**Q** 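One structure, as structure tokens, below. Some questions next.
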Amino acid sequence: MEAKHERRFKTRSPAGTLAIAERVAEILMPTPRLVILRGDLGAGKTTLVKGIVAALGAADPEEVTSPTFTLVHEYEGPKVKVYHLDLYRLETERELATLGLDEMIAEPNALVLVEWGEKFPSVLARATGEIAIENLGGDERLLVIRVR
Ligand code: ADP
Ligand code: MG
């Protein structure tokens, strides 16, 4: 993705990732925006989403769970509606089409956060942001945020 802004953060614990999410949420404004969350299993993608949803006042972090089987979870905040998708188990563009991604990003207040979105060229093409999380060993993580 061609990025206009890039920011990097290091965190040293899950709580640190939740805390940094407030700044990450600010960087992701304004909506609508589709963000691909990159990183291995266990990198901290879902943990970061918990923090972003909480920062936007859309739910408490413990209410945010991985949409591994449900594919999409929705959290409605006062200003922003967060859609959290996990496409790990999805295999084809045809299955993807049934999720209604276009309708989501057509909503002016939508922040769409997609784990494993990079599997699908059509998601990459629609992304206006990307967060890459790298496990630096132990509980240390590097977050690289790019928006355009
Ligand atoms: P993903 O969605 O990328 O598969 P999760 O957020 O579900 O990852 O899981 C991340 C795991 O790594 C959790 O068990 C979490 O406690 C652990 N962890 C350790 N250090 C961190 C950190 N700095 N940030 C986020 N998660 C961390
Ligand atoms: Mg996850």
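The structure presented is a predicted model; accordingly, all values stated were derived computationally and were not measured. One is the number of the first residue; the rest follow in order along the sequence. Counting starts at 1 for both ligands and their atoms, following the listed order.
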**Q** Does at least one non-hydrogen atom of P14 fall below 4.0 angstrom from an atom of ligand 1?
**A** yes

**Q** Among T47, L136, I20, I133, which residue places a heavy atom closest to atom 26 (N) of ligand 1?
**A** T47

**Q** Give a yes/no answer: is there an N/O/S atom of T46 under 2.8 Å from the Mg ion (ligand 2)?
**A** yes

**Q** Starting from atom 17 (C) of ligand 1, what is the nearest protein heavy atom, named by residue and atom, and what distance separates them?
**A** R141 NH2, 3.8 Å

**Q** Looking at A19, is its backbone amide N or carbonyl O close enough to the side chain of E22 to form a donor-acceptor pair, meaning the two atoms are under 3.5 Å apart?
**A** no

**Q** May I ask you to decide if T92's main-chain N or O and K119's side chain share a donor-acceptor pair within less than 3.5 Å?
**A** no

**Q** Give the contacting part of T46 toward ligand 1: side chain, backbone, both or neither, where contact means a heavy-atom distance below 4.0 Å.
**A** both

**Q** I'd like to know if the side chain of E140 and the backbone of G137 have a donor-acceptor N/O pair within less than 3.5 Å.
**A** no

**Q** Considering non-hydrogen atoms only, spot the tightest contact between I36 and E118 and give its length.
**A** CG2-OE1, 3.5 Å

**Q** Output yes when a protein non-hydrogen atom is found under 4.0 Å of atom 14 (O) of ligand 1, and no otherwise.
**A** no

**Q** Counting only N and O atoms by type, is there a donor-acceptor contact under 3.5 Å from the side chain of R94 to the main-chain atoms of E91?
**A** no

**Q** Establish, from distance only, whether the side-chain atoms of E107 and Y83 form a donor-acceptor pair under 3.5 Å.
**A** yes

**Q** For K81, is there an ion pair with E74 - N to carboxylate O distance below 4.0 angstrom?
**A** yes

**Q** Which N, O or S atom name in E115 marks its closest approach to the Mg ion (ligand 2)?
**A** OE1

**Q** Which residue holds the protein heavy atom closest to atom 8 (O) of ligand 1, what is that atom called, and what is the gap in Å?
**A** G44 N, 3.1 Å

**Q** With heavy atoms only and a cut-off of under 4.0 Å, state how E115 meets ligand 1: side chain, backbone, both or neither.
**A** side chain

**Q** Could you tell me whether the side chain of R146 and the main chain of I131 form a donor-acceptor pair under 3.5 Å?
**A** no

**Q** Which atoms of ligand 1 are found less than 4.0 Å from any heavy atom of T17?
**A** 22 (C), 23 (N), 24 (N), 25 (C)

**Q** Return the closest protein heavy atom for atom 23 (N) of ligand 1 as residue, atom name and distance.
**A** D139 O, 2.8 Å

**Q** Does S66 have a non-hydrogen atom less than 4.0 Å from ligand 1?
**A** no

**Q** Just by distance, do the side chain of R33 and the backbone of L28 share a donor-acceptor pair under 3.5 Å?
**A** yes

**Q** Does one side chain, of T47 or T17, offer a donor that lies under 3.5 Å from an acceptor on the other?
**A** no

**Q** Tell me whether ligand 1 is touched by G39 - counting only heavy atoms on the residue side and a distance under 4.0 Å.
**A** no

**Q** Within the 4.0 Å heavy-atom shell around L41, which atoms of ligand 1 are there?
**A** 4 (O)

**Q** Out of A15, G138, G42, whose heavy atom is nearest to atom 9 (O) of ligand 1?
**A** G42

**Q** Please report the C-alpha distance between D102 and R126 in whole Å, then the side-chain angles of each, then the deciding distance to 0.1 Å, and finally whether the salt bridge (Lys or Arg N to Asp or Glu O under 4.0 Å) criterion is met.
**A** CA-CA 9 Å; D102 281 330; R126 284 178 280 187; 2.6 Å; yes

**Q** Can you list the ligand 1 atoms lying under 4.0 Å from a non-hydrogen atom of T11?
**A** 22 (C), 23 (N), 24 (N)

**Q** Just to check, does D40 reach to within less than 4.0 Å of ligand 1 when the distance is taken from its heavy atoms?
**A** yes

